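One structure below.
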Amino acid sequence: MTTISSLNRTTPAAATTNSAAVGVNTSASTSTSSATGRTDTGSSTVVSLGANGAAPVSTRALVWENRTRSTSATLMAQNMDNESLAGRLKGLGGELLKQVAYDGANFSQTAQVAPGGTQADTYDMLVSPSQVSQHGMGDNQISLSITTRSGAKVELKLDAGDGSIAVEATVDGDLTETERKALGKLSDAFQKSIDGLTEDPPRIDLAGLTQFDSSALASVDLKGQVKINAKDTQTLAFHADSKQRTVNFNGPAGSAKIGVDLSQSASWGSKEQQAIALKNYLGQVDEAGSRGRGDSTMIAMFKDAFTGMNSDYGTPPAAAPQSIALEDQDRAMTTGLADFTASFAQTEVSSNPARPSEKDTFSYELSQTTSITGTSQMNRGISQQQQSHLNAHYHAPVKAGAVLALTLSPQSQNYKYITIDDTASSSTSIGYDQGVLTTATLEKHAHQLMGVKQFSLGKMQSNQSTPSDKSLTRDLVNMLEPERVGEPTLNSAQRAQMLEKLNNQIFLQSNPNLITA
């Protein structure tokens, strides 16, 4: 005999339901607990997630792990009926984190398509814990781990498969009210990261997760594994704390790794300066992508991740007593961004079946390192290095605009095989002795190398290598202090304009032809 009960809970606060709020329709003897809304029978129990008298949430019958009611469970029911595999976790991550932030309690629930033959007029919940074991079984798996300042640990796990959804939240330790609020504020960011990762093609959205309240939360870790198609999976691992941010992701388009060092906040510039620096670095990525024929999907993912990791570092910690601070002209010699290492490589492709050893490849590395030295503010030195490296190989038609269609046939083997190997660097240095400016230099270097092998009917006709190289070294002392060479002393407005112009000149330039004095 099957008993149908209508259960509805719209907020995590509704932990209990009295008997008046639970509509019970029985065809056998039943008893309903006023504290839990649980209906006990001698046979299977089917529970509707729709409100009393309302339209059913879904037309599919599901097996559930337990009778725990929550808005998370309601979303699971909706997503099982209405969403593809990629959309099974729609809204769930954010809602589950809100639920934990509200009551700080453990929660576990699984929804699985019910066995054939289950009959119901509404969307049914067949409670059968012994038949449900879907945690960690889904093709799409997302986990979020957060450690609070008080030492409590919160872990959320979400799984989605073709016929199931599973969510689990565990809280180890007691959460303070401040920590609860900080968790709740991350709910939208968590959901955005899930939504981006489950898109096709995937999108990396981490900016919100980097903006956690560091006074309440010590660290945030996100891990994801999402099935893109029948054979490909996208993975992601993200970590953030007060000292560093790291992200690694890998999928059919390629792999990437980014690390941001937050330990030297003295070198951070204003939001405006950081935005300019970020735009310049992203421009370098675009130029590399164009020159090396990089995969647009992989480049977009890397740029999204790089932007999210560097868009906002939060409030800098209070400076230690007697620590060295950067002044206006020091900051003009630096980008204002935190130091980082970043790299990505697209998946190799053998596009020429007649010559499988000729791979289409693309890899790019970008980094920044800043050093602040000295014994005091009066005796200080600041230096910064920016570096990039592009390595790529690709096939191209002999004539621009022609369509390349390489096969085993010799008649198709008319093409160019191009190799790109470029490096660029920009270094600045400024130093003081007893408060007097002693050194200020800018050094830039760009080296490009293009190799072109041309084939006709499968036979190499030419093999050319074209290098291009340029270096620049500038002494900036007289620019910063023109009075040293008899020029008028700059007023405040002129000085601000000069420093802005100088800052625009320090960035990487990968094209040797664009390096000018």
Side-chain angles (χ1 to χ4, degrees), residues 139 199-204 225-235 248-257 284-305 342-366 388-424 446-469 510-513:
D139 291 319
E199 286 183 10
D200 186 15
R203 180 173 48 82
I204 309 299
Q225 172 184 304
V226 175
K227 189 174 182 180
I228 303 299
N229 51 49
K231 64 176 183 177
D232 295 317
T233 298
Q234 182 74 42
T235 64
N248 302 280
F249 56 91
N250 183 70
S255 60
K257 180 185 295 186
Q284 289 294 308
V285 175
D286 284 333
E287 289 181 19
S290 177
R291 179 166 164 81
R293 304 286 179 90
D295 178 78
S296 59
T297 296
M298 190 62 207
I299 291 172
M301 292 174 68
F302 176 81
K303 288 174 64 178
D304 285 344
S343 62
F344 70 102
Q346 68 187 42
T347 301
E348 292 185 352
V349 176
S350 295
S351 61
N352 186 359
R355 292 176 178 269
S357 62
E358 291 179 350
K359 306 287 188 182
D360 292 318
T361 70
F362 182 98
S363 64
Y364 186 68
E365 300 174 0
L366 193 63
S388 67
H389 181 208
L390 166 65
N391 188 277
H393 302 77
Y394 63 89
H395 293 80
V398 174
K399 294 183 179 180
V403 177
L404 197 64
L406 299 174
T407 68
L408 292 173
S409 170
Q411 283 70 32
S412 74
Q413 295 292 306
N414 303 300
Y415 67 94
K416 296 178 180 178
Y417 185 59
I418 299 173
T419 299
I420 303 291
D421 191 0
D422 299 347
T423 59
H447 174 79
Q448 291 186 333
L449 178 63
M450 174 180 282
V452 180
K453 294 179 180 180
Q454 185 165 321
F455 293 82
S456 177
L457 298 177
K459 296 182 178 180
M460 188 168 66
Q461 303 298 311
S462 64
N463 184 1
Q464 297 181 337
S465 180
T466 306
S468 179
D469 193 282
S510 59
N511 187 341
N513 297 325

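Just the heavy atoms: all of them, side chains too, but no hydrogens, waters or symmetry mates, feed the values below. Computed from a prediction, not measured in an experiment: that's the story for all the values here.
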[X] to [Y] - nearest heavy-atom pair and separation:
| X | Y | answer |
| --- | --- | --- |
| P252 | T233 | CD-O, 3.9 Å |
| L390 | A288 | CD2-O, 3.8 Å |
| A256 | M298 | CB-CE, 3.8 Å |
| V398 | Q454 | CG1-NE2, 3.7 Å |
| A396 | I418 | CB-CD1, 4.1 Å |

Rounded distance (nearest 0.5 Å) linking atom [atom1] of [X] with atom [atom2] of [Y]:
| X | Y | atom1 | atom2 | result |
| --- | --- | --- | --- | --- |
| S456 | N414 | OG | CG | 4.5 Å |
| H393 | E348 | NE2 | CD | 9.0 Å |
| E199 | I228 | CD | CD1 | 10.5 Å |
| S350 | L406 | OG | CG | 11.5 Å |
| Y364 | I420 | OH | CD1 | 13.5 Å |
| I204 | M301 | CD1 | CE | 4.0 Å |

[Y] and [X], any side-chain heavy atoms less than 4.5 Å apart:
| X | Y | value |
| --- | --- | --- |
| I299 | V285 | yes |
| F344 | F362 | yes |
| M450 | R291 | yes |
| Q284 | S510 | yes |

Going by atom types only, do [X] and [Y] share a side-chain donor-acceptor pair under 3.5 Å?
| X | Y | answer |
| --- | --- | --- |
| N352 | Q413 | yes |
| Y394 | E358 | no |
| H395 | S351 | yes |
| T423 | H447 | no |
| S462 | Q464 | no |

Between the main-chain N or O of [Y] and the side-chain N or O of [X], is there a donor-acceptor pair closer than 3.5 Å?
| X | Y | value |
| --- | --- | --- |
| E365 | A342 | no |
| Q461 | K459 | yes |
| S412 | S409 | yes |

Test side-chain contact (heavy atoms from CB on, under 4.5 Å) applied to Q448 and N511, step by step: CA-CA 7 Å; Q448 291 186 333; N511 187 341; 4.3 Å; yes

Is the NZ atom of K359 crowded by more than 12 outside heavy atoms at less than 6.0 Å? yes

Considering only NZ, NE, NH1 and NH2 on the basic side and carboxylate oxygens on the acidic side, decide whether D286 and K303 come within less than 4.0 Å. yes

